Protein chains: 2
Amino acid sequence: MLAQSRRPRGQTRERILLLAADWLQQRGYHGFSFAQIANALDIQSGAVHYHFPAKQDLVAAIFKRYRETAVAWCDEHSSKHGDAGACVRAFLEWQASFLDAEQVCPLGVAGVEYASLPSKACAEAESLRDEMIAWLTTTLSAGRDDGAVDFAGSAADQAALIVSATSGALQLARLNGSDDFRSVIRAVLAGLQTRGT
Amino acid sequence: MLAQSRRPRGQTRERILLLAADWLQQRGYHGFSFAQIANALDIQSGAVHYHFPAKQDLVAAIFKRYRETAVAWCDEHSSKHGDAGACVRAFLEWQASFLDAEQVCPLGVAGVEYASLPSKACAEAESLRDEMIAWLTTTLSAGRDDGAVDFAGSAADQAALIVSATSGALQLARLNGSDDFRSVIRAVLAGLQTRGT
DNA sequence: GTCTATAACGTGATAGAC
DNA sequence: GTCTATCACGTTATAGAC
């Protein structure tokens, strides 16, 4: 019963999801097609539609998985279990990992193409935004309380700044190279005045 | 020789440019078509192609005009003629004006759709980035020298932060309303410690 | 010089074979 | 259950009328 075909069955869905996520964060929602996915994976475009009936289902699944990944990441980086400053720095490094893949944050994709995005995708993106802002706000607030970090203004405002700045910086890096991203990270860290516990 | 037709001749190009710029900043590059523009302006899609041979010409023209507008704005808000803190605050208000139109910064569009954008548009977007970063860097640097503003890190880093944060904040605002944008503005201003001269 | 009519192609999506 | 062959439509772009 092993290896009934050259491409192992049951992995097509996963392969589609991974490739589409990559392209979504490189080209935007309207920047890739089912036919292109099928061509790259050496299948027919109808096979993609079997796993994801409509394009909005595919993209909603991408946002959903990214959100699940983000939630798991946040749980592993709770300031209850470690230094809040280290948590924030880890967040910045996590965002930096998109640089090598030449990707932007999914939140940016949703924000830019909002008016031409199917509602399913918008809803998932909004949930993702809530998770990231909530984690950052909690982390920053706890960090300021115990002296691990300091910053001007409210924790919620600072959280919105960090999410906006990192997302925007990944986009700026597409235009002018990763130096712009590193500039933004330096400025964010300078504004945070983190110090290890 | 007046009013030879219902739609005055010579204004079609301008009407196309204005509508397309609006849609570009709401839906992204691939989120609108020549046919939709033609339909909205009650002309044929071929008429759009007369004024802009290919879609990349239309979008490059949008970026070019936006850059010209930005350069003119920067010239009018030179820190040589006024307070640097006021200039930065004016910049933030300028970005805020996109909120009401439910638009994002053109830089964000280019960053997100970079890999699916025609090269002409990318080149214009890169020039736009250069102009904005240069003006902000100069303004912030001069402002710190004369004590109008203060901030942690280099002027260039702070400039990249402000461009990224405002662009990202406009996108976040699409997902969760203008409160997120205002949060980011407060955080930016808190980090700048501006004071009027 | 300006726009209308039309074409070639790529898109998202479906029906039915295996 | 999984995928191949096919469709109707919207897309960018062109040729030629006025």
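Note: hydrogens, waters and symmetry copies are ignored here, and every other heavy atom, side chains too, is used. It should be emphasised that the depicted structure is a prediction, and the values quoted were computed from it without experimental measurement. Per chain, numbering begins at 1; letters A, B, ... match sequence-line order.
Both B:A47 and A:Y29 sit near DNA chain C, but only B:A47 has its closest nucleotide nearer the 5' end.
Between the C1' atom of D:dT2 and the CG atom of A:L41 lies a distance of 15 Å, rounded to the nearest Å. For B:H49 and C:dG1, the NE2 to P distance is 20 Å, given to the nearest whole Å. The nearest whole Å value for the distance from the CZ atom in A:F52 to the P atom in D:dT2 is 12 Å. To the nearest angstrom, P of D:dA5 lies 19 Å from CZ of A:F34. C:dG10 atom P lies 15 Å from atom NE2 of B:H30, rounded to whole Å. With rounding to whole Å, B:Q44 atom CD is found 14 Å from D:dC18 atom P. Atoms CZ (B:R15) and C1' (C:dT2) sit 14 Å apart, rounded to a whole Å. Regarding B:I43, its CD1 atom lies at a distance of 19 Å from the P atom of D:dC18, rounded to whole Å.
Cation-pi check for A:K120 over A:F63 is not met; the charged atom does not lie both under 6.0 angstrom from the ring centroid and within 45 degrees of its normal. Taking the ring axis of B:Y114 as reference, the NZ or CZ atom of A:R27 does not stay both within 45° of it and closer than 6.0 Å to the ring centre.
Among C:dT14, D:dC3, C:dC3, the nucleotide with an atom closest to any side-chain atom of B:H51 is C:dC3. Residue B:T12 places its side chain closer to C:dC3 than to any other of D:dA13, C:dC3, C:dT4.
Distances shown here put a side-chain N or O of B:Y50 below 4.0 Å from the OP1 or OP2 atom of C:dT2. Close to D:dT11, at under 4.0 Å from its OP1 or OP2, lies a side-chain N or O of B:S33. In terms of phosphate contacts, A:S45 brings no side-chain nitrogen or oxygen within less than 4.0 Å of OP1 or OP2 of D:dT4.
Taking the six-membered ring where the residue is Trp, the centroids of A:H77 and A:F91 are separated by 6.0 Å or more.
No donor-acceptor distance shorter than 3.5 angstrom exists from the side chain of A:W23 to the backbone of A:F32, with no hydrogens or angles considered.
Contacts of A:F32 with the nucleic acid, taken as non-hydrogen atoms under 4.0 Å apart, involve only primed sugar atoms and P, OP1 or OP2.
Side-chain polar atoms of A:R65 and A:T69 form no donor-acceptor pair below 3.5 angstrom.
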